[in-house]
*Asks:* 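Mind looking over this structure? Questions follow.
Residue numbering restarts at 1 for every chain, and letters A, B, ... go by the order of the sequence lines. Since the model is a prediction, treat every value here as computed from it, not as a measurement.
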Protein chains: 2
Amino acid sequence: MPKLGAEPIRRAALVKATIETVGDAGSLDVTVAQIARRAGMSSALAHHYFGSKEQIFLAAMRSILTLYGAEVRGALATARNPRERVRAVVIGSFAAGSFRGEAISAWLNFYVLAQSSDAARRLLGVYQSRLRSNLLCGLRPIIGACAETVAEGLGALIDGVYIRAALAGGMLDRQHACNMVLAHLEKELEG
Amino acid sequence: MPKLGAEPIRRAALVKATIETVGDAGSLDVTVAQIARRAGMSSALAHHYFGSKEQIFLAAMRSILTLYGAEVRGALATARNPRERVRAVVIGSFAAGSFRGEAISAWLNFYVLAQSSDAARRLLGVYQSRLRSNLLCGLRPIIGACAETVAEGLGALIDGVYIRAALAGGMLDRQHACNMVLAHLEKELEG
DNA sequence: ATGTTTATTGACTCGTCAATCAACAACCGC
DNA sequence: GCGGTTGTTGATTGACGAGTCAATAAACAT
């Protein structure tokens, strides 16, 4: 029962199913058939739209990164001064859409994928650069030269909290995680 | 050409080869044959000694965790007061034996494995508990009730720095990484 | 010498999975 | 209603990899 204009719907369904499946399995070791079944179609169709398994993964990764970027930009929109801008980046990083069990698990797995896939590494590089420049842009007016160091620490801490959340399996509270990073930020801004 | 008493040598060689192979590939998606070849034997022999691929991975993980534990204990031995004890735990965590490209990469991959394997999760749980209690033991005499929070932050930061190092692919300087965490510690102890 | 244990492998089985293909079904413009 | 486009799948292919096994060889025990 083919409907026209199915391509974007199918692609979106596959991306969603990929994130869910990877999140459930806690591993990239999932089959195209599993993903396709979850998305309500045959594996052949998944190949038809994406060409290969790696392309499916990359599309899923792009989707996660896009959502994340949107959430940071959203938080950033309400910031009225440098300090609020830095806080917004942190808060955006822990927004409900990104800080979700399956998304976190997928995130961790994509980190691993970035170790063996050039395309994935590039993608992750884009995210890290953007995070860094977002942080620096708010930090520099406040602390000038030290901004680089503080941004590095904040980035690492955010990553670390994410990882721990992945292992805790959704047990870790979002607000608490966010506050931890914000507290660290305050400490850094005091000195 | 069979020599007697080969078992411990073979096991050690396989563990070493596993860490190297996983580190090189940046993924757990390596074959037993690859590992065995690197260790200079047939894949059948690897199965003979370990029974299954998962057991090989777990043995490799145990080896990494043991080395890590030894290094922390070594650093801890020279500490004369609580503050030095906390610093020692951090310094031990960035000792040369553990903070090595392939070990870090393997570490990251084992984090992923812990998401799908109970045995791996248990193992990682042991490490996290030990790290936590090591930190708390030094922190409590200094800051009392806040120790839990600070320990949590330190743990997350250490993990985060490791992850970043995995992606940087050995580019990240060990001393620098360690200093970053130590600086964070100092800031926390001031407040 | 002979039997037992340990070491070791090449060849094989069996399952799995990415990717392809041939065919079929609905919709469109005309 | 017909040719082309788009959507969809079951079946198939081809490769690869974990785990098993039978067979071989050295060391050791008696």
Side-chain angles (χ1 to χ4, degrees), chain A residues 1-22 24-61 106 109-110 112-113 116-120, chain B residues 1-61 109-110 112-113 116-120:
Chain A
M1 41 299 257
K3 280 177 286 190
L4 277 226
E7 174 152 2
I9 290 112
R10 292 303 201 185
R11 290 184 98 99
L14 280 168
V15 163
K16 182 160 176 282
T18 302
I19 295 169
E20 289 171 2
T21 308
V22 169
D24 273 10
S27 151
L28 290 180
D29 213 343
V30 296
T31 70
V32 174
Q34 281 173 315
I35 294 171
R37 179 148 30 86
R38 186 165 207 141
M41 71 194 80
S42 74
S43 69
L45 197 53
H47 276 105
H48 173 66
Y49 283 125
F50 280 101
S52 78
K53 193 177 174 178
E54 169 143 40
Q55 290 305 311
I56 300 179
F57 281 150
L58 290 176
M61 203 161 161
N109 278 284
F110 288 137
V112 170
L113 182 61
S116 52
S117 152
D118 283 343
Chain B
M1 44 299 253
K3 280 177 285 189
L4 278 226
E7 173 152 2
I9 290 112
R10 293 303 202 184
R11 290 184 99 99
L14 280 168
V15 163
K16 182 160 175 282
T18 301
I19 295 170
E20 290 171 0
T21 307
V22 169
D24 273 9
S27 153
L28 290 180
D29 213 344
V30 295
T31 69
V32 174
Q34 280 174 315
I35 295 172
R37 180 148 29 87
R38 186 167 208 139
M41 70 193 81
S42 73
S43 69
L45 198 53
H47 277 106
H48 174 65
Y49 282 125
F50 281 100
S52 77
K53 194 176 171 177
E54 169 144 39
Q55 290 305 313
I56 299 179
F57 281 150
L58 289 176
M61 203 160 159
N109 278 285
F110 288 137
V112 171
L113 182 62
S116 51
S117 153
D118 283 344

*Asks:* So what does B/S52 hit on the nucleic acid, given a heavy-atom distance under 4.0 Å: a base, only sugar-phosphate, or nothing?
*Replies:*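 B/S52: backbone/sugar contact only, no base atoms under 4.0 Å.
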
*Asks:* At less than 4.0 Å, is any side-chain N or O atom of B/H47 found next to OP1 or OP2 of D/dG19? Yes or no.
*Replies:* yes

*Asks:* For residues B/D24 and B/R38, determine if any side-chain heavy atom of one lies less than 4.5 Å from a side-chain heavy atom of the other.
*Replies:*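 Heavy-atom side-chain distance check passes, below 4.5 Å.
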
*Asks:* Considering every strand and a 4.0 Å limit on heavy-atom distances, what is the contact class for A/T31: base, sugar-phosphate, or nothing?
*Replies:*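 Sugar-phosphate contact only.
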
*Asks:* Nearest of D/dT9, D/dT20, C/dA7 to any side-chain atom of A/M41?
*Replies:*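 Selected nucleotide (nearest to the side chain): D/dT9.
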
*Asks:* Nearest 0.5 angstrom please: A/F57 CZ to A/N109 CG, how far?
*Replies:* 8.5 Å

*Asks:* Given C/dT8, D/dG10, D/dA18, identify the nucleotide with an atom nearest to the side chain of A/A44.
*Replies:* D/dG10

*Asks:* Among D/dG7, D/dG19, C/dT8, which nucleotide has an atom closest to any side-chain atom of B/Y49?
*Replies:* C/dT8

*Asks:* May I have the distance from A/Q34 (atom CD) to C/dT16 (atom C1'), rounded to whole angstrom?
*Replies:*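 My rounded result for the distance is 11 Å.
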
*Asks:* Which nucleotide in the list D/dA18, D/dG10, C/dT9 gets nearest to the side chain of A/S42?
*Replies:*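 Among the listed nucleotides, the one closest to the side chain of A/S42 is D/dG10.
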
*Asks:* By the 4.0 Å heavy-atom rule, please label A/F50 as base, sugar-phosphate, or nothing.
*Replies:* nothing

*Asks:* Can you tell me if B/R10 touches the phosphate of C/dT6, counting only side-chain N or O atoms and a distance under 4.0 Å to OP1 or OP2?
*Replies:*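 The answer is no; no side-chain N or O of B/R10 sits under 4.0 Å from OP1 or OP2.
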
*Asks:* I need the NE2-C1' distance between B/H48 and C/dT9, as an integer number of Å.
*Replies:*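 After rounding, the reported distance stands at 12 Å.
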
*Asks:* Tell me the interatomic distance from A/E7, atom CD, to D/dT8, atom P, rounded to whole angstroms.
*Replies:*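 Checked: the CD to P distance equals 10 Å.
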
*Asks:* Give a yes or no answer on whether the side chain of B/Q55 reaches the backbone of B/S52 with a donor-acceptor pair at less than 3.5 Å.
*Replies:*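 Not at all, since once roles are kept as given, no pair shorter than 3.5 Å links the two residues.
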
*Asks:* Would you mind reading off the distance between B/R11 atom CZ and C/dT8 atom P, rounded to a whole angstrom?
*Replies:* 13 Å

*Asks:* Begin with the C-alpha distance, continue with both residues' side-chain angles, and end with the deciding distance and a verdict on side chain to side chain contact (heavy atoms under 4.5 Å, CB included) for A/L28 and A/F110.
*Replies:* CA-CA 8 Å; A/L28 290 180; A/F110 288 137; 4.1 Å; yes

*Asks:* Starting at CD1 of B/I35 and ending at P of D/dG19, how long is that distance when rounded to a whole Å?
*Replies:*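 It is 11 Å, rounded to the nearest whole Å.
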
*Asks:* Whole-Å distance between D/dG17 C1' and B/E54 CD?
*Replies:* 16 Å

*Asks:* Keeping A/T18 on the side-chain end and A/L14 on the backbone end, is there a donor-acceptor pair under 3.5 Å?
*Replies:* yes

*Asks:* Take atom CG of A/D29 and atom C1' of D/dG17, then tell me their distance rounded to the nearest Å.
*Replies:* 12 Å

*Asks:* Whole-Å distance between C/dT8 P and B/L45 CG?
*Replies:*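 My rounded result for the distance is 5 Å.
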
*Asks:* Quick check for you: among C/dA18, C/dT9, D/dG10, whose closest atom lies nearest to any side-chain atom of A/V32?
*Replies:* C/dA18

